[in-house]
Amino acid sequence: MKTIDQYAVNDLKLIYLVLHTQLPGNPMLMDSDLLQDLQTHLQRMAKTAGVDVSHHAQWATWLNNGVVLKSV
């Protein structure tokens, strides 16, 4: 079995984004250790890449592989 750091970062980002979009309909996900561990791992990777994860737009752009999300 692989550890979380052995998976491709783009796969991890995709899984995180899919899980995150499910939070409104599945609030129990907020307490999921897996989701928290995944977020922590991705935030650590983003920080290494120079991303300020406390700045939502930078974090979201990094998660979306450079695609800048625009609010409507």
Side-chain angles (χ1 to χ4, degrees):
M1 180 185 302
K2 294 181 185 180
T3 60
I4 198 165
D5 61 326
Q6 293 175 308
Y7 288 93
V9 67
N10 287 334
D11 289 349
L12 295 174
K13 288 178 182 182
L14 177 60
I15 290 166
Y16 176 80
L17 289 169
V18 169
L19 288 174
H20 196 268
T21 63
Q22 297 302 309
L23 289 174
N26 298 284
M28 290 176 55
L29 279 172
M30 286 296 285
D31 296 327
S32 165
D33 288 339
L34 176 60
L35 183 58
Q36 292 302 315
D37 289 348
L38 181 55
Q39 179 174 309
T40 299
H41 179 73
L42 288 171
Q43 286 179 339
R44 193 174 305 123
M45 293 181 78
K47 286 178 186 177
T48 299
V51 174
D52 179 355
V53 297
S54 68
H55 189 271
H56 182 73
Q58 284 186 35
W59 168 238
T61 299
W62 183 82
L63 282 172
N64 286 283
N65 296 315
V67 175
V68 177
L69 304 178
K70 297 183 184 203
S71 55
V72 270

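When reading the values below, keep in mind they use all heavy atoms of this one structure, side chains included, and skip hydrogens, waters and symmetry mates.
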Please list every donor-acceptor pair under 3.5 Å in which a side-chain atom of residues 42-52 meets a protein atom from a residue at least two apart or in another chain.
from, atom 1, to, atom 2, distance (Å)
T48, OG1, R44, O, 3.0
D52, OD1, S54, N, 3.0
D52, OD1, S54, OG, 2.5

As an exercise, state the distance from CD1 of I4 to CG of L38, rounded to the nearest 0.5 Å. 4.5 Å
Mind checking what makes side-chain contact (heavy atoms from CB on, under 4.5 Å) contact with D11, not counting sequence neighbours? A8
Which pairs, with at least one residue in residues 19-55 and sequence neighbours excluded, count as a ring-ring contact (aromatic ring centres under 6.0 Å, His included)? Y16-H20
Report, one line per pair, each donor and acceptor closer than 3.5 Å where one atom sits in a side chain of residues 23-33; sequence neighbours left out.
from, atom 1, to, atom 2, distance (Å)
N26, ND2, Q22, O, 3.3
S32, OG, L34, N, 3.3
S32, OG, L35, N, 3.2

Joining Ile, Leu, Val, Met, Phe, Trp and Tyr whenever any side-chain heavy atoms lie under 4.5 Å apart, the cluster holding V18 also takes in L14
What are the two closest non-hydrogen atoms of K2 and Y7, and how far apart are they? CB-CE1, 3.5 Å
Before giving the answer on side chain to side chain contact (heavy atoms under 4.5 Å, CB included), spell out for V53 and Q58 the whole-Å C-alpha distance, their side-chain angles and the decisive distance to 0.1 Å. CA-CA 7 Å; V53 297; Q58 284 186 35; over 6 Å; no
